[in-house]
There are 2 protein chains.
Amino acid sequence: MSTTATPARTEARSKSEQAYEVLKDRITGGDLVAGYRLVLSSIADELGFSVVPVREAIRRLEAEGLVKFERNVGATVAGVDATLYLHTMQTLSVIEGAATALAAPLITAVDIDNARRLNAELRRCLEEFEPQRFTRINNELHAILYGHCPNPHILDLVHRGWNRLNAMRASSFDLVPGRARKSVEEHDQLIALIESRADVHEIEMAARAHRTATLNAYMAQHQQPASAI
Amino acid sequence: MSTTATPARTEARSKSEQAYEVLKDRITGGDLVAGYRLVLSSIADELGFSVVPVREAIRRLEAEGLVKFERNVGATVAGVDATLYLHTMQTLSVIEGAATALAAPLITAVDIDNARRLNAELRRCLEEFEPQRFTRINNELHAILYGHCPNPHILDLVHRGWNRLNAMRASSFDLVPGRARKSVEEHDQLIALIESRADVHEIEMAARAHRTATLNAYMAQHQQPASAI
DNA sequence: ATGTATGAAATCGTATACGATTCATCATGG
DNA sequence: CCATGATGAATCGTATACGATTTCATACAT
């Protein structure tokens, strides 16, 4: 305690980080719709900070692709352009596929159990029609599968991809009607593959295909050509 | 003189960007050795700027992994830890493989010609022993192969990966003696594969293997276990 | 009526100033 | 002699202030 009253805890995160967390949560949580304009002074006032840390937070969000920043004009929440969605999904298919493959050899029996439990939850969400919950559980399930990836860079890229995707409200499954059910089945196959210690390359391709299938379903519904990889 | 003499050209980049460019060039150019300490006020004085834009530039470099930043302590040029090198190479192998595969169908005959010319240059660099030039030409050659990748996210990740790698002086080939010669041969095979419009998956695996081979050579020399993917 | 010039308002960009934190140094007691 | 706590310098974190740029509305001329 430096002065007397307030402990001034050294572990307290900086205001830049606080602003970053708040804005990130709002964007990925869907509170801020795409195209929403982020004005530095307004946000600063609301948070009780100065504009400087807010500015830094926004630049950081820009680097992660969650907001678009134009010089001397301002920042807006990144839009959901169809091609942007395509590119994000494609990138994530590659990265998450690799992450899942790298994590597969290190997965434990407990992880497998948890994954199966979550997938059962997903089935229940389907029956009771809880899309919100479905999306959340789906995130957790995949996080288990790629979580042991020993390469922090790749892990970081996966997280960024998921963030961007979550920011695009109507998270994949709302967009394509029949997709969710198939997705759950693919989870079963993928989990079985990992459990059996299959070839890492096979696992990678399965994980990639799982995501690419969602993408293709989306593309088919929106009548656009899908590029193969 | 901002009022009358100088038109105050609107195209001038902001000081943040200028600082970013300068620092990035110094780091990737090898002028700043790993571990070098970046003090805000010193850099600001040297560039004639205030600390604010310099700070922003450094945070941006941090996001790209070129500098390490510690709160209330300062920034240092990111180190060349062996495991960091491994992780960066592994990530790049995945990303660049995908980028090359996605770009392959869009490549032109001119590109193929240029690639072959550059690879011939590489051979000459080997004979005349010009490692610096080899690294530069090698960059250009790969840039041609993945350049047409239609996914800007993936392209961006590739560039970041190369930046990080370039920042690690002793760029791969100085580290492993016999590797460069084999690398040139693999280029020939990869170019032929792309020219023949081979299966994109095959191209992806070849491009990935090309980079993984460099990584494995490095690992073998440093007696560490290589993880398979 | 439409296009263009002019002005004001909004917002960003940067400089300066000061408080907060970390780290090293040194004195002090065991 | 070593451990521990105080003290100071170096550096980062943020607030405030002001200048620069963009944008939009308005008035004017064609």
Side-chain angles (χ1 to χ4, degrees), chain A residues 1-24 26-27 32 35-63 66-79, chain B residues 1-24 26-27 32 35-63 66-79:
Chain A
M1 48 173 69
S2 53
T3 50
T4 42
T6 343
R9 344 198 49 259
T10 172
E11 22 174 325
R13 291 167 329 191
S14 74
K15 300 193 176 180
S16 311
E17 291 178 51
Q18 292 180 27
Y20 168 79
E21 295 287 349
V22 169
L23 291 176
K24 181 182 154 193
R26 286 189 190 174
I27 294 175
L32 296 182
Y36 187 91
R37 197 162 171 205
L38 299 169
V39 178
L40 294 183
S41 52
S42 309
I43 300 172
D45 285 348
E46 182 198 329
L47 298 179
F49 300 162
S50 154
V51 297
V52 182
V54 176
R55 176 185 174 85
E56 189 168 311
I58 286 186
R59 298 308 285 255
R60 197 167 151 196
L61 290 168
E62 184 204 10
L66 290 181
V67 311
K68 193 161 71 76
F69 194 89
E70 204 171 346
R71 162 150 188 205
N72 280 320
V73 174
T76 56
V77 176
Chain B
M1 54 171 67
S2 60
T3 52
T4 50
T6 340
R9 343 197 50 261
T10 171
E11 20 174 328
R13 291 167 327 195
S14 75
K15 300 193 176 180
S16 310
E17 291 179 51
Q18 291 179 29
Y20 168 78
E21 294 288 347
V22 168
L23 291 176
K24 180 184 157 192
R26 285 189 190 171
I27 294 175
L32 296 182
Y36 185 92
R37 195 162 170 206
L38 299 169
V39 178
L40 292 184
S41 53
S42 309
I43 300 172
D45 285 349
E46 182 197 329
L47 297 180
F49 299 161
S50 155
V51 297
V52 181
V54 175
R55 176 187 173 85
E56 190 168 309
I58 286 186
R59 296 309 284 258
R60 196 167 150 195
L61 289 168
E62 184 204 11
L66 290 181
V67 312
K68 193 160 68 79
F69 194 89
E70 203 171 347
R71 163 161 173 158
N72 279 321
V73 173
T76 56
V77 177

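Keep in mind the model is a prediction, meaning the values are calculated, not measured. Each chain gets a letter, A, B and so on, in the order its sequence line appears, and its residues count up from 1.
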Colleague: Which is true for A:V52 with a 4.0 Å heavy-atom rule: it touches a base, it touches only sugar-phosphate, or it touches nothing?
Modeller: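 The residue A:V52 makes base contact.
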
Colleague: Expressed as a whole number of angstroms, how long is the span from A:E62:CD to C:dC12:P?
Modeller: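 Rounding to the nearest Å, CD of A:E62 and P of C:dC12 are 13 Å apart.
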
Colleague: Quickly work out the A:L47 CG to D:dT14 C1' distance and round it to whole Å.
Modeller: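 From A:L47 CG to D:dT14 C1': 14 Å.
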
Colleague: So B:L38, base contact, sugar-phosphate only, or nothing? Heavy-atom distance under 4.0 Å.
Modeller: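 Result for B:L38 = sugar-phosphate.
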
Colleague: Does a side-chain N or O from A:S50 land closer than 4.0 Å to OP1 or OP2 of D:dA15, or not?
Modeller: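 Result: yes.
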
Colleague: Just to verify, which of B:V51, B:L38, B:V22 counts as forming a side-chain contact (heavy atoms from CB on, under 4.5 Å) with B:I43?
Modeller: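 Output: one option passes, namely B:L38.
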
Colleague: Given C:dT14, is OP1 or OP2 found less than 4.0 Å from the side-chain N or O atoms of B:S16?
Modeller: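 Yes, such a contact exists.
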
Colleague: Rounded to the Å, how far apart are A:N72 CG and D:dT21 C1'?
Modeller: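 In whole Å, D:dT21 C1' lies 5 Å from A:N72 CG.
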
Colleague: Let me know the distance between CG of A:D45 and C1' of D:dT16, rounded to the nearest Å.
Modeller: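 Atom-to-atom, A:D45 to D:dT16, this comes out as 13 Å.
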
Colleague: Can you tell me how far C1' of D:dT14 sits from CD of B:E56, to the nearest Å?
Modeller: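 Those two atoms, CD and C1', are 15 Å apart.
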
Colleague: Ignoring the backbone of A:R55, work out which of D:dT22, C:dT14, D:dT16 is nearest its side chain.
Modeller: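 The closest nucleotide is C:dT14.
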
Colleague: Check this for me: does any side-chain nitrogen of one of A:R59 and A:E56 sit under 4.0 Å from a carboxylate oxygen of the other?
Modeller: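 Looking at A:R59 and A:E56, the cut-off is not met.
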
Colleague: Send over the distance from B:R37 CZ to C:dC23 C1', rounded to a whole Å.
Modeller: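 Nearest whole value for this atom pair: 9 Å.
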
Colleague: In whole angstroms, how far is the C1' atom of C:dC23 from the CD atom of B:E70?
Modeller: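 From B:E70 CD to C:dC23 C1': 11 Å.
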
Colleague: How close or far is atom P of D:dG13 from atom OH of A:Y20, stated in whole angstroms?
Modeller: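 Rounded to the whole Å, the gap is 17 Å.
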
Colleague: Given side chains that start at C-beta, do those of A:E62 and A:E70 come closer than 4.5 Å, heavy atoms only?
Modeller: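 Not in contact.
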
